[in-house]
2 protein chains.
Amino acid sequence: MLVRINTAPRMQIDGQLAALAGERMSCCEFRYRRGAEIFGEGEEPEYVYQIISGAVRTYKLLPDGRRQINAFHLAGDMFGFENETTHRFTAEAIVETNVHLMRRTSILEAVRHGGAGTKDLIKFVTQNLQHAESHMLLLGRKTSLERVTAFLIEMDERLQHPDVMILPMNRRDIADYLGLTLETVSRALSILRDEGLLRFDGNTQRRLELVDRGALAKIDA
Amino acid sequence: MLVRINTAPRMQIDGQLAALAGERMSCCEFRYRRGAEIFGEGEEPEYVYQIISGAVRTYKLLPDGRRQINAFHLAGDMFGFENETTHRFTAEAIVETNVHLMRRTSILEAVRHGGAGTKDLIKFVTQNLQHAESHMLLLGRKTSLERVTAFLIEMDERLQHPDVMILPMNRRDIADYLGLTLETVSRALSILRDEGLLRFDGNTQRRLELVDRGALAKIDA
DNA sequence: AGGCGAAATTGATCAGGCTCAAATCCGGGA
DNA sequence: TCCCGGATTTGAGCCTGATCAATTTCGCCT
C-alpha cells in the first residue's frame with residue numbers, strides 16, 4: 001500500500017487553478033508510479049501540473065550527481081509552469097501520484113488576452129520565489145538542527161498540523177532538500193526525539209508526531 | 001571617489017521597465033549613500049526601483065545576525081517588486097546609488113487593467129525565481145571553490161565580460177551571498193590567483209581580471 | 001607624501017557535518 | 001509468518017570550512 005497524503009486538494013489552490021486556466025483547460029488526469037519522472041531538466045514544457053494526490057520532488061543535478069531538491073509538492077499544489085522554452089529542473093513522483101494536466105499554451109494564451117487568471121499566475125510565481133528566498137537563508141546560514149527543524153515545521157504547516165505527520169519522502173530526499181547528508185538528517189531527528197520534541201510513531205520511521213511545536217519553533221532560528 | 005559600475009542601463013531591461021510602467025510612471029529619481037537602507041524587511045512596499053548607477057544588496061537576517069544576501073543588483077536592474085503588503089527582505093546601497101522610483105500601485109493597476117507590461121512583470125518575477133533556484137543549488141551542494149568561481153562567472157557575465165572587473169561589494173558581502181565566511185572567500189580567490197586563473201589588478205583587491213575563463217568555467221561544476 | 005582605520009590576506013587551530021562502516025529496522029512478497 | 005532488500009540509525013574518524021588571531025594592504029584624508 002502506497003502512502004497517500006492529504007487526498008483532498010486545498011481549496012485556495014484549487015481556486016487558483018480554476019482562475020488560471022478555467023475548467024475546460026484541465027485536459028486530463030494522469031498517474032505516475034513511485035519514482036517516475038514527470039519531466040526532465042532541459043525538456044520542452046508542454047503541461048502545467050496540479051497534484052490530485054501523492055507527492056512530487058523537483059530538483060537540479062550537478063554533472064557529478066550532487067542533487068539539490070528545490071521543493072516538494074503535495075496534494076493541491078501546482079508545479080511545472082515555465083515562462084521559457086525549457087524546464088529548469090526535473091520533476092519526479094515520490095509516491096504514486098495523480099495529477100491534473102493543463103496545456104501550458106492555454107495559460108500563456110490566457111495571459112496574452114489579459115485573462116482573469118493573470119494575477120493568480122503572478123501570485124503563483126511570487127509564492128515560489130518567496131519560498132526560494134527563505135530556503136536560500138536556510139541553505140546558506142542555518143545549522144543542521146535548524147534545517148531539519150525548519151523542514152518539520154514547514155511540513156507540519158502544509159499538512160495542516162496533523163496529529164501524526166506521514167512523510168512521503170525518504171531521508172535522502174530530505175537531505176537533498178536541506179543541503180545535508182541523510183546521516184545528518186537522521187541524527188538531527190534522533191536528537192529531537194531524545195529531547196522529547198517529537199515521537200517516531202509506532203512502527204514506521206516516516207510517521208512523526210510533533211510533541212512540542214513551541215520548542216521546535218524556538219530551534220528554527 | 002566612489003566606485004561606479006556600468007553606468008549605462010542595459011537596454012533590454014530598460015525596455016522592460018518602460019513596458020511595465022510606461023514613462024509617465026517613473027515618478028522620480030533618488031540617490032542613496034554608500035550603506036544606506038533603501039527599504040527594510042517587513043516594511044510596506046511603496047516603490048519599485050530601477051538602478052541608474054551603483055549597486056544594491058538585498059538580504060535576510062536571522063535573529064542572531066547571520067545574514068544571507070539573496071542577490072546583487074547592478075545598473076539597469078529592477079528590484080523591490082512585492083505582490084504582498086510587506087517587503088520580504090532588506091535592500092541597501094553597496095556604493096552610492098541612483099535609482100528610478102515608480103509607484104508599486106501603478107504597476108498593480110497596470111496588471112489589473114491587462115496592461116501591456118503584464119507579461120514583462122511575469123518575466124521579471126520568473127527570472128528572479130530562476131536565479132534563486134540556481135543559487136539554491138550553489139548553497140546546498142557546491143564547495144567553497146566552486147561557489148567563488150560561480151560568483152566570478154556570474155559577475156563577469158552581468159558586467160559583459162569586461163577586461164577588468166570592478167566589484168562594488170566587499171569580501172563579507174560576497175561571503176554572505178555564497179554562504180561562506182569572508183576568510184574562505186579570500187582563500188579561494190588566492191588559490192585561483194596562484195593557479196593563474198585570475199589576477200588582482202594593480203593596487204586594488206576589488207579589481208579582478210579573469211585570465212582563464214575556460215578554466216574557471218570548468219571549476220564551476 | 002604620510003598616516004590612520006578599514007579591508008583583505010594569511011596562518012593556526014577547531015568543530016560541524018561528511019564519509020565510511022556496521023547494525024538494526026521495516027515493508028512487502030513468498 | 002518468515003525472509004529479504006532497502007531504508008534508517010548509529011558509530012568512528014576525517015576533512016572542509018569556521019573561528020580566532022596576526023599581518024599586510026589599501027583607500028582616503030590631511
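Lettering follows sequence order; numbering is per chain, from 1.
Results of the side chain to side chain contact (heavy atoms under 4.5 Å, CB included) test with B/Leu129 over A/Asn70, A/Val125, A/Thr126 single out A/Val125 as the only residue that passes.
Across the protein-nucleic acid pair, A/Arg147 atom CZ and C/dG17 atom C1' stand 10 Å apart, rounded to whole Å. For A/Glu146 and C/dG16, the CD to C1' distance is 12 Å, given to the nearest whole Å. Distance, A/Glu96 CD to C/dG28 P: 13 Å, rounded to whole Å. What separates CD of A/Glu183 from C1' of C/dA22 is a distance of 12 Å, to the nearest Å. In this entry the distance linking CG of A/Leu180 with C1' of D/dT16 reads 15 Å, nearest Å. Between the CG atom of A/Asp176 and the P atom of C/dC18 there is a distance of 11 Å, given to the nearest Å. Protein atom CD of B/Gln205 is 16 Å distant from nucleotide atom P of C/dA6, rounded to whole Å. Atom CZ in B/Arg34 sits about 7 Å away from atom P in C/dA7, given to the nearest Å.
When the side-chain nitrogen and oxygen atoms of B/Arg193 are compared with OP1 and OP2 of C/dA8, none of them lie within a distance under 4.0 Å. Phosphate contact (OP1/OP2 of C/dG17, side-chain N/O of A/Thr184, threshold under 4.0 Å): absent. Checking the phosphate oxygens (OP1, OP2) of C/dA8, a side-chain nitrogen or oxygen of B/Arg206 falls inside 4.0 Å.
Of the N and O atoms on the side chains of B/Thr149 and B/Asp220, not one donor lies less than 3.5 Å from an acceptor on the other residue. Side-chain contact of B/Tyr177 with B/Gln68: a donor-acceptor pair under 3.5 Å is absent, judged by distance alone.
Of the residues near DNA chain C, B/Asn170 and A/Thr181, the one whose nearest nucleotide (by heavy atom distance) lies more toward the 5' end is B/Asn170. Where A/Arg141 and A/Leu182 meet DNA chain D, the nucleotide closest to each residue was compared, and A/Leu182 sits on the side nearer the 5' end. Comparing A/Thr143 and A/Arg207 by the nucleotide of DNA chain C whose heavy atom lies nearest to each, the residue mapping closer to the 5' end is A/Thr143.
Across all strands, B/Ser144 comes closer than 4.0 Å only to sugar-phosphate atoms, never to a base (heavy-atom distances). In this structure, A/Ser190 reaches the sugar-phosphate backbone alone: every heavy-atom distance under 4.0 Å involves primed, P, OP1 or OP2 atoms, never a base.
The environment of B/Arg193 atom CZ is dense: over 12 non-hydrogen atoms of other residues, nucleotides or ligands sit within 6.0 angstrom. Other residues, nucleotides and ligands place no more than 12 heavy atoms under 6.0 Å from the CG atom of B/Asp163.
If you check D/dT9, C/dT10, C/dT19 against the side chain of A/Phe200, the one that comes closest is D/dT9. Of the candidate nucleotides D/dG17, D/dT8, C/dT10, C/dT10 has the atom lying nearest to any side-chain atom of B/Ser186.
Residue A/Arg187 places a side-chain atom within donor-acceptor reach of the base of D/dG11, judged by atom type and a 3.5 Å distance cut-off alone.
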